[in-house]
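I have placed the structure first, in the form of structure tokens, so that the comments after it can refer back to it.
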Number of protein chains: 2
Amino acid sequence: MKQKNKDAIVKERILNNAESLFAQKGFRGVTVREIINAANCNLSAVNYYFGNKKNLYLEVFRARLIPRSQSMCERFKKFLGQRQPSDSPAAVVEALAQAFLEGPLSDDERRCHYQLMVREMSQPGEAFDLVFEHVMQPLLQDLSRRLRLVITEEIEEERLILNIESILGMIIHFNYFRSVITRFTGHAYDSSFKKRLIEHIIDFSLYGLGVGKKEVLT
Amino acid sequence: MKQKNKDAIVKERILNNAESLFAQKGFRGVTVREIINAANCNLSAVNYYFGNKKNLYLEVFRARLIPRSQSMCERFKKFLGQRQPSDSPAAVVEALAQAFLEGPLSDDERRCHYQLMVREMSQPGEAFDLVFEHVMQPLLQDLSRRLRLVITEEIEEERLILNIESILGMIIHFNYFRSVITRFTGHAYDSSFKKRLIEHIIDFSLYGLGVGKKEVLT
DNA sequence: TGACATTTAAAACAATTGTTTTATACTTTT
DNA sequence: AAAAGTATAAAACAATTGTTTTAAATGTCA
């Protein structure tokens, strides 16, 4: 099926460029003509393959963002499995930070990924539901289960959720606020700086500012 | 000057509604006609008072977001001054979380504020420079100075910055990702839940997950 | 090869966009 | 009160938007 193959090529060029542009400028900030210029194809191709612009946008989530999230989660599990021992909070946080900052993606892909996701989070819409159901929900549940196994003391569900959201919030922040972080630290956002960030995320997640002493059961 | 006064009223109605709409849908997601309908004024009023749409957008930052940020910082200092003792990391974090989650603003104003700011952070533009210079930079420097005073042990500048960004990341996350947080915890985002959030932010910022013991000088 | 379906291309569509123009009302000042 | 300055209103502008239509090209399969 050479036909079907060539079909897929144009279709995926559109998806790729659409994702990048939507991530940068948002749904309404991007025109269909902008996308087809980047994808080097004809205007009607968008409506031919995806029906309309809105559906192209949703397809970007279905065909790109969600699968990528799942592959990042896979990477997390793989990292965690490699660690010895893998049953400590430190191991879980390290594997998580590694998977979400270094992971299998190119840096541009990761930037794209977080921009697209963050954009949808403030104003729940159709895409939000997709992300919530297929990305946030399973991730939180997985993390919740794993952390509960490795944290020795008793911990109520709500506090666990807030802890996890704090760690995820940090990871998202260090991805999404790159321009701020690099301006403040003066470092380029390269692989050595990412290693530094991962170190920090682990340290802060486990000990916070690390000053004073933790009271038992505040 | 009744003239100048009445002038200001329409002008501010435009600014108010523009900020709310821009925060919800972004610059290109909002039409001038949408704004003037919400502000209950004529179409040409936007160009009369602000020249063009882009300039209205920037004016929203200059006349609304930046002053509000400064008043939040004032509130932070006031909270901190009220605390006894006020020279501990716990006091600083508590005052910060209080100022940024409870502060002097209505809840709608706060949502608006964070949405507008986060939107600009991913794609540096003109408004980004304004926010960076008048909001992020002074806040970070103030926090850096204060924390250095109250943290007993030696701490390198970069680590301090990362610590501060982690705390700010959490605060932003718990404001911006409301819909996710409320869905996960099942709590409405009311004042009692905000108190819970502030408690958590203090606890996590000081001790992290609070498991295991912190080694001295990792 | 020839009939068929599939894909690309180009042109045209109505609707919406930001902005400008022109005219009318309202205030202030002389 | 007349004049001048300021603010609101309505209509029109060209440009851009997403989408549709129509035509040409390309591929598949008998």
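Convention: sequence-line order gives letters A, B, ...; per-chain numbering from 1. Here the structure is a predicted model, which is why all the values come from computation and not from measurement. Hydrogens, waters and symmetry mates play no part in the numbers below; they use all other heavy atoms, side chains included.
Of the candidates D:dT20, D:dT19, C:dT20, the closest approach to any side-chain atom of A:Asn52 belongs to D:dT19. Listed candidates were C:dT7, C:dG18, D:dT21. Nearest to the side chain of B:Val32 is C:dG18. For A:Asn42, taking side-chain heavy atoms from C-beta onward, the closest of the listed nucleotides D:dT20, C:dT8, D:dT8 is C:dT8. When distances run from any side-chain atom of B:Ser44 to the nucleotides D:dA10, D:dT19, C:dA10, the shortest one goes to D:dA10.
Atom CZ in B:Arg33 sits about 16 Å away from atom P in D:dT17, given to the nearest Å. For B:Arg28 and C:dT17, the CZ to C1' distance is 9 Å, given to the nearest whole Å. Distance A:Leu43 CG to D:dA23 C1': 15 Å, rounded to the nearest Å. Between A:Ile35 atom CD1 and D:dT17 atom P there is a gap of 11 Å when expressed in whole angstrom units. Spacing between atom CZ of A:Arg13 and atom C1' of C:dT8 amounts to 11 Å, rounded to whole angstrom units. Atom-to-atom, CD1 of B:Ile36 to C1' of D:dA11 comes out at 14 Å; the value is rounded to the nearest Å. Taking atom OH of residue B:Tyr57 and atom P of nucleotide C:dT17, one finds them 18 Å apart after rounding to whole Å. When rounded to the nearest whole Å, the span between CG of B:Asn37 and P of D:dA10 equals 12 Å.
Contact annotation: A:Tyr49 reaches the phosphate of C:dT8 (side-chain N/O to OP1 or OP2, under 4.0 Å).
Between B:Phe132 and A:Phe184, a ring centre-to-centre spacing shorter than 6.0 Å is recorded. For B:His200 and B:Phe174, the ring centers are positioned less than 6.0 Å apart. Aromatic pair A:Tyr114/A:Tyr176: centroids not less than 6.0 angstrom apart.
Remark on DNA chain C: of its neighbouring residues A:Ala45 and B:Lys53, the 5'-side contact belongs to A:Ala45, judged by nearest-heavy-atom nucleotide.
Inter-residue side-chain proximity for A:Arg13 and A:Ile9 is flagged as met; some heavy-atom pair is nearer than 4.5 Å.
Of all the heavy atoms in A:Ser122 and B:Arg119, the pair that sits closest is OG-NH2, 4.1 Å.
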